[in-house]
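The analysis underlying the following values was restricted to heavy atoms, covering all of them including side chains, and did not include hydrogens, waters or symmetry mates.
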Amino acid sequence: LNNITVNSNLNVSAGTLDYGNTVARTITVTGDLSGAGTIDMASGGALAHPLTLNGANNAIGSFVPGSGTVIYSRAGVQQIFAGTYFNLTTQSSNQIRTIQGDVIVNNNLTLTQGTFSFGNGAARNVVVNGNLSGAGGIDMSGGALPHSLTLNGGNNAITNFTAGSGSVIYSGTVGQQIFSGTYYNL
């Protein structure tokens, strides 16, 4: 597998799209991501594979993050698939990106621009084990649901925060920066 740009949709209908273990590889999808198959970024061990998603709708059957970064970069509203990430980054435009289920980020969540929305369909849980940063914002107000955001990293800073009925939990084992804002539950 070499670096790949998909100029439309990527459907991993079955099997595994494996990044490999020799060099860091880049996959960019300009359309939607879908399928019941698996994307495996872990076979590369500590290789920092990037996956850039530019489509509005993103879902995958199984995702193995390894040491890679998933970058959501659509110039419009966008879905963030549920699951475990190593690094998760939002880029470009001041659009809303809505999680489709619970999300765990094993390293850093970087909200470069736009809004990371918990949505209004069901209560969502997000855990960030590394740092939270960026000029973007977090919106936990959807549906007056008891969303939760657990921050375990030392550095936590974002520009905008809307609490809704949610809880922000600082539970790191190191000294933690608490971002400024109005909280519902802290």
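- Under the 4.5 Å side-chain heavy-atom criterion for Ile, Leu, Val, Met, Phe, Trp and Tyr, V103 and F161 are members of the same hydrophobic cluster.
- Contact between R97 and Q91 at its shortest, heavy atoms only, is NH2-O, 2.8 Å.
- With a 4.5 Å cut-off on side-chain heavy atoms, V77 and T98 do not count as touching.
- The 12-atom threshold is exceeded at CG of L47, counting heavy atoms of other residues, nucleotides or ligands nearer than 6.0 Å.
- S167 approaches N185 most closely through the heavy-atom pair OG-CB, 3.2 Å.
- Residue T26 comes nearest to N3 through the heavy atom pair N-OD1, 2.8 Å, listed as atom of the first residue, atom of the second, then distance.
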Taking distance alone, no hydrogens or angles, what donor-acceptor pairs closer than 3.5 Å link side-chain atoms of residues 35-45 to residues at least two apart or in another chain?
| residue | atom | partner | partner atom | Å |
| --- | --- | --- | --- | --- |
| D40 | OD1 | A42 | N | 2.8 |
| D40 | OD1 | S43 | N | 3.3 |
| S43 | OG | D18 | OD1 | 2.3 |
| S43 | OG | G20 | N | 3.3 |

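- Considering all non-hydrogen atoms of both residues, I71 and P50 come closest at CD1-CB, 4.4 Å.
- L88 and V127 are assigned to two separate hydrophobic clusters, defined by single-linkage of ILVMFWY side chains at heavy-atom distances under 4.5 Å.
- Ring-plane geometry between F63 and F81 is classed as perpendicular, the angle between the planes exceeding 60 degrees on a 0 to 90 degree scale with a lower cut at 30.
- Residues V126 and L186 share a single hydrophobic cluster, defined by chaining ILVMFWY side chains whose heavy atoms lie under 4.5 Å apart.
- One distance of note links CG of N156 with OG of S180; it measures 11.5 Å at 0.5 Å rounding.
- Atoms OG1 and CG, from T28 and L10 in turn, are 11.0 Å apart once rounded to the nearest 0.5 Å.
- In this structure, F86 is not a member of the same hydrophobic cluster as L151, with clusters built from ILVMFWY side-chain heavy atoms closer than 4.5 Å.
- The neighbour count for Y170 OH, taken as heavy atoms of other residues, nucleotides or ligands under 6.0 Å away, is above 12.
- Between Y19 and L51, the closest side-chain pair of non-hydrogen atoms falls below 4.5 Å.
- For the pair N125/T150, no side-chain contact is recorded, criterion being any heavy-atom separation below 4.5 Å from C-beta on.
- Taking 4.5 Å as the limit, every side-chain heavy atom of L132 sits out of range of all side-chain heavy atoms of F116.
- Of the possible donor and acceptor atoms, one in the side chain of Q78 sits under 3.5 Å from a partner among the backbone N and O of L53.
- Here the side chain of T110 pairs no donor or acceptor atom with the backbone of T112 at under 3.5 angstrom.
- Between the side chains of S141 and D139, at least one donor N or O sits under 3.5 Å from an acceptor N or O.
- Looking at heavy atoms from C-beta onward, V64 lies out of side-chain contact with T16 at the 4.5 angstrom threshold.
- Y72 and I4 fall within the same hydrophobic cluster, defined by Ile, Leu, Val, Met, Phe, Trp and Tyr side-chain heavy atoms under 4.5 Å apart, directly or through other members.
- Within the model, atoms CG of N7 and CG of N54 stand 10.0 Å from one another, a figure rounded to the nearest 0.5 Å.
- Each of N87, N129, T69 was compared with N107 under the side chain to side chain donor-acceptor pair (under 3.5 Å) criterion, and only N87 meets it.
- Q177 places none of its side-chain heavy atoms less than 4.5 Å from the side chain of N131.
- Distance check: Y85 OH to L109 CG gives 10.0 Å after rounding to the nearest 0.5 Å.
- For the atom pair CG of L17 and CG of N11, the computed distance is 11.5 Å after rounding to the nearest 0.5 Å.
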Checking side chain to side chain contact (heavy atoms under 4.5 Å, CB included) for the pair I138/L111: CA distance, chi angles, key distance, verdict?
CA-CA 9 Å; I138 293 177; L111 307 175; 3.5 Å; yes

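- H147 and R124 make their closest contact through ND1-N, 2.9 Å (heavy atoms, listed as atom of the first residue, atom of the second, distance).
- Here CD of Q79 is found 8.0 Å from CG of D32. Values are rounded to the nearest 0.5 Å.
- Although no hydrogens or angles enter the test, the distance criterion places a donor-acceptor pair under 3.5 Å between the side chain of T90 and the main chain of Q113.
- Across every non-hydrogen atom of M140 and V168, the tightest pair is SD-CG2, 4.1 Å.
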